[in-house]
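All figures in this text were calculated on a predicted structure; none of them were measured in a lab. Atoms within a ligand are numbered from 1 in the order they appear, just like the ligands themselves.
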Amino acid sequence: MKILGIETSCDETAVSIIEGNPGKTPRQPQCTVLSHLVASQIATHAPWGGVVPSLAKREHLANLPPLVDQALKQTNLRLEDINLIAVTYGPGLEPALWVGFNFAHELAARLQVPCIPVNHMEGHILSVLTQPETQVNFPALALLISGGHTELVLMKEWLHYEIVGQTRDDAVGEAFDKVARLLGLPYPGGPEISKLAAQHTATEKPLYPLPRPMIASKDLNFSFSGLKTAVLYLIKKIEPLDQEKKIAIAHEFQQAAIDVLLKKTLQAITQHQPQTLIIGGGVVANQELVKQFREKINIPLLVPELKLSTDNATMIAIAGYCHYLKRDWQPKTKVEGNLKL
Ligand code: KG4
Ligand code: ZN
C-alpha cells in the first residue's frame, strides 16, 4: 500500500511517499521509499540564530501543497492512489505541528483514507525499517538523540515503549547547538561542530579537557547543560578564540558527548539485555559518533540511512504504517506540543 507521510514539527517541511509491505514471519514491516522530500527553512531562521515558530508556521503553509505535488509527480501517482496518510502530532513546536496536522486531516477526509497520528520520536526509532537487511529482535533498545530529546527507550515488542533513561536538562543536540553558538558558528550548530572536530589532529591529551557529566552515575540518565556551561567558562578563560582553539574545543566537546552516550548505552545493555540496539535522531548524522558506536557496541546495531537521521516524513510514514498494520492507533483531534515519547 502507498502511504503519504507529513512532518512539520520544527523547521523542516517534509513530505514522503512510501510503499509498505507487511513482511514475512516474524512480521517485520518493510518500507520502500518512493519519494523523500525535505524543504529546509535554514535560510529563514539563520538570521535569528534559532527557529522562530511564527516563521516556521508560515513556511510550512507555503511549502506543503507544492511538496505533495512534487512527490506525486516523482512517483507517477495520483492523489487517489494514496491509501493512508500519516502525520506528526508531537512533540514539536505547536504552531508548526498544527499546519501539517490540519493539512493531513483535510486531505485524508477528501480522499476518504485513514489519517494516522504519529509521535515524532517513534518515527526516529522506526526509521531503520527502510533497509531490507534490518532485523529487529526483541527486547530492543533505542537511543534517541535529537535537538529536543536524549532518551534510552526499551521495546519489549513492536510499538511498546518504555523510557529507561533520559536527560535531566538539555538534550544532546541542544548542547551541540548551544556550544556552536558559543564558538560563533552558524545555526544549525551540530553539523558545524562535527565539521570542525574532524579537522582536529590527535594529541595525547586534550588541550582543554571537559567534564563527562553523570558518566559514573548508576542510573541511565544524562545531563548536558553542565557540559555546555563548562565550555562557556573555558572560552572566557582562553579568549580570544582562534581557529585552532575552536577546533580543539569542538573536538573535546564532541568526544565528551560521545563518551557519555556510549557509557550509558552500554550500561543499559548490561541492565536490560536487549538483542538489538537502534540509534536515531538528528545527532546520528554525526559520523564520528556512529563510528565509535560501531566499534564499541557489542550487540547488533541498527543505524538509519543518513538522509533519515535528521527530521523527515519517511520515518513518519513508516511509523504510521506500523500502527496501521498492528491495528494499533486512534484518531486525534489536536496536536501535542512538547510531550515526550
Ligand atoms: O531529529 P532532529 O533533526 O530534530 C529534532 O527532532 O530535534 O535533530 C536535530 C538536532 C540538532 O540539535 C542538530 O544540531 C543535531 O541534530 N545534529 C547534529 C548533527 N547533525 C544534526 N549534531 C551533531 N552532529 C551532527 N552532524
Ligand atoms: Zn527529530
Out of G282, G148, S9, A257, indicate the one that has the non-hydrogen atom closest to atom 17 (N) of ligand 1.
-> G282
Heavy-atom proximity to atom 24 (N) of ligand 1, best of V38, N286, V179 =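 Among V38, N286, V179, the closest heavy atom to atom 24 (N) of ligand 1 comes from N286.
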Has the side chain of S309 got a donor or acceptor atom that lies under 3.5 Å from a matching backbone atom of G282?
-> no
Side-chain donor or acceptor of H120 paired with backbone N/O of G90 under 3.5 Å | no
What do you reckon, does [X] have a nitrogen or oxygen under 3.5 Å from a nitrogen or oxygen of ligand 1?
X    : value
F176 : no
S309 : no
G189 : no
D177 : yes
P188 : no

Check each of Q28, M315, Q30 against L129 using the side-chain contact (heavy atoms from CB on, under 4.5 Å) test, and report the only one that passes.
->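 Answer after filtering Q28, M315, Q30: Q28.
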Between E12 and K307, is the closest basic N to carboxylate O distance under 4.0 Å?
-> no
May I ask you to say whether R212 pairs ionically with D259, meaning some side-chain N is under 4.0 Å from a carboxylate O?
-> yes
Backbone, side chain, both or neither: what part of [X] comes under 4.0 angstrom of ligand 1, heavy atoms only?
X    : value
Q254 : neither
H120 : side chain
S194 : side chain
D311 : both

Show which atoms of ligand 1 fall inside a sub-4.0 Å distance from at least one heavy-atom site of [X].
X    : value
A285 : 20 (N), 26 (N)
G173 : 12 (O)
T310 : 3 (O)

May I ask whether H124 has any heavy atom positioned less than 4.0 angstrom from an atom of ligand 1?
->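 Contact present.
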Whether P191 lies under 4.0 Å from ligand 1, heavy atom |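 Flag set, P191 near ligand 1.
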Whether C10 has an N, O or S atom under 2.8 Å from the Zn ion (ligand 2) = no
Does any N, O or S atom in H149 come within less than 2.8 Å of the Zn ion (ligand 2)?
->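 Under 2.8 Å: H149 has no N, O or S contact with the Zn ion (ligand 2).
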Tell me which protein heavy atom sits closest to atom 22 (N) of ligand 1, plus the residue, atom name and distance to 0.1 Å.
->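 Of the protein heavy atoms, G190 CA, 3.5 Å lies nearest.
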Give the residue and atom name of whichever protein heavy atom lies nearest to atom 7 (O) of ligand 1, and the separation in Å to one decimal.
-> G147 N, 2.8 Å
Establish, from distance only, whether the side-chain atoms of [X] and [Y] form a donor-acceptor pair under 3.5 Å.
X    : Y    : answer
N21  : Y321 : no
N102 : E106 : no
E288 : Q292 : yes
Q166 : N221 : no
H200 : E252 : no
S223 : D169 : yes
S9   : E7   : yes

Aromatic ring pairing W98/F101, orientation class (parallel under 30°, perpendicular over 60°, tilted between) |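 Answer is perpendicular, since the angle exceeds 60°.
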The N/O/S atom of D311 lying closest to the Zn ion (ligand 2) is OD1
Have a look at the Zn ion (ligand 2) and estimate, to 10 degrees, the angle subtended by NE2 (H124) and NE2 (H120).
-> 100°
